[in-house]
**Student:** 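Handing you a structure now.
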Amino acid sequence: MTDEEALDLGRRFAACKGFRPMRGMLDNHGRTWTPDLLWRWTPKVDIPDLRDPATRGCALALVREAWGDPWGHVAVESGTYTDAPHWYVRAGGFDSYCNSEAEALVFALETAP
């Protein structure tokens, strides 16, 4: 994922109604959000970096919360529809395929009830 694609995905993620900044997320400046940084978080400046594994973990927690499904999960599947692997997310009856784990998490949060 390019830097610009990561920024676009992070902006989409931060725009979701179910989004909130969480301790441990990494932002586009390479800073890990801690309690002292969370109080001054601004969505136009501090964009979550979904290339970071901890940030994706926080995103999964937000997806589970938004869908009311503590067992919601993301997995990779290969060879079903194409030769390339694709990611899917399942939460609260929602099921969608995407090109990356980060994209699947963002799409699940965007479409949450």
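Owing to the predicted nature of the structure, the values given are computational and were not obtained by experimental measurement.
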**Student:** Hey, are the side chains of D3 and R51 touching, using non-hydrogen atoms and a 4.5 Å cut-off?
**Tutor:**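 Yes, at least one pair of side-chain atoms sits under 4.5 Å.
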
**Student:** Return a table of donor-acceptor pairs under 3.5 angstrom between the side chains of residues 19-26 and protein atoms on other chains or two or more places apart.
**Tutor:**
from, atom 1, to, atom 2, distance (Å)
R20, NH1, E65, OE1, 3.3
R20, NH1, E65, OE2, 2.8
R20, NH2, E65, OE1, 3.4

**Student:** Between R56 and A102, is there a donor-acceptor pair closer than 3.5 Å when you use the side chain of the first and the backbone of the second?
**Tutor:**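 Absent.
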
**Student:** Do the side chains of E5 and L9 get nearer than 4.5 Å, heavy atoms only?
**Tutor:**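 No, side chains not in contact.
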
**Student:** To the nearest 0.5 Å, how far apart are CZ in F107 and SG in C16?
**Tutor:**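 Going from the CZ atom of F107 to the SG atom of C16 covers 10.5 Å.
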
**Student:** Which residues pass the salt bridge (charged side-chain N to carboxylate O under 4.0 Å, His left out) test with D27, sequence neighbours left out?
**Tutor:**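 Scan of D27 (salt bridge (charged side-chain N to carboxylate O under 4.0 Å, His left out), adjacent residues dropped) gives R31.
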
**Student:** Treating W67 as the side-chain partner and L62 as the backbone partner, does any N or O pair qualify as donor plus acceptor under 3.5 Å?
**Tutor:**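 Side chain of W67 to backbone of L62, a donor-acceptor pair under 3.5 Å: no, none is there.
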
**Student:** Which heavy atom of P48 sits nearest to which heavy atom of T55, and what is that distance?
**Tutor:**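 It is CB-CG2, 4.2 Å.
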
**Student:** Nearest heavy-atom pair of G72 and R64: which atoms, and what distance?
**Tutor:**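 Nearest pair, atom of G72 first, then R64: O-NE, 2.7 Å.
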
**Student:** Rounded to the nearest 0.5 Å, what's the gap from CG on L50 to CG on D8? Could you check?
**Tutor:**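 Nearest 0.5 Å value for the CG-CG distance: 11.5 Å.
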
**Student:** Evaluate side-chain contact (heavy atoms from CB on, under 4.5 Å) for E103 paired with V106, printing each intermediate quantity in order.
**Tutor:** CA-CA 5 Å; E103 183 184 345; V106 171; 5.9 Å; no

**Student:** Does the side-chain contact (heavy atoms from CB on, under 4.5 Å) test come out yes or no for F13 and I47, once each step is laid out?
**Tutor:** CA-CA 9 Å; F13 179 49; I47 300 165; over 6 Å; no

**Student:** Under 3.5 Å, side chain of K17 to main-chain N/O of L109, donor-acceptor pair present?
**Tutor:**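 It does not hold such a pair.
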
**Student:** Mind checking salt bridge (charged side-chain N to carboxylate O under 4.0 Å, His left out) for R12 and listing every partner two or more places apart, or none if nothing turns up?
**Tutor:**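 Counting only residues at least two positions away or on another chain, R12 forms a salt bridge (charged side-chain N to carboxylate O under 4.0 Å, His left out) with E110.
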
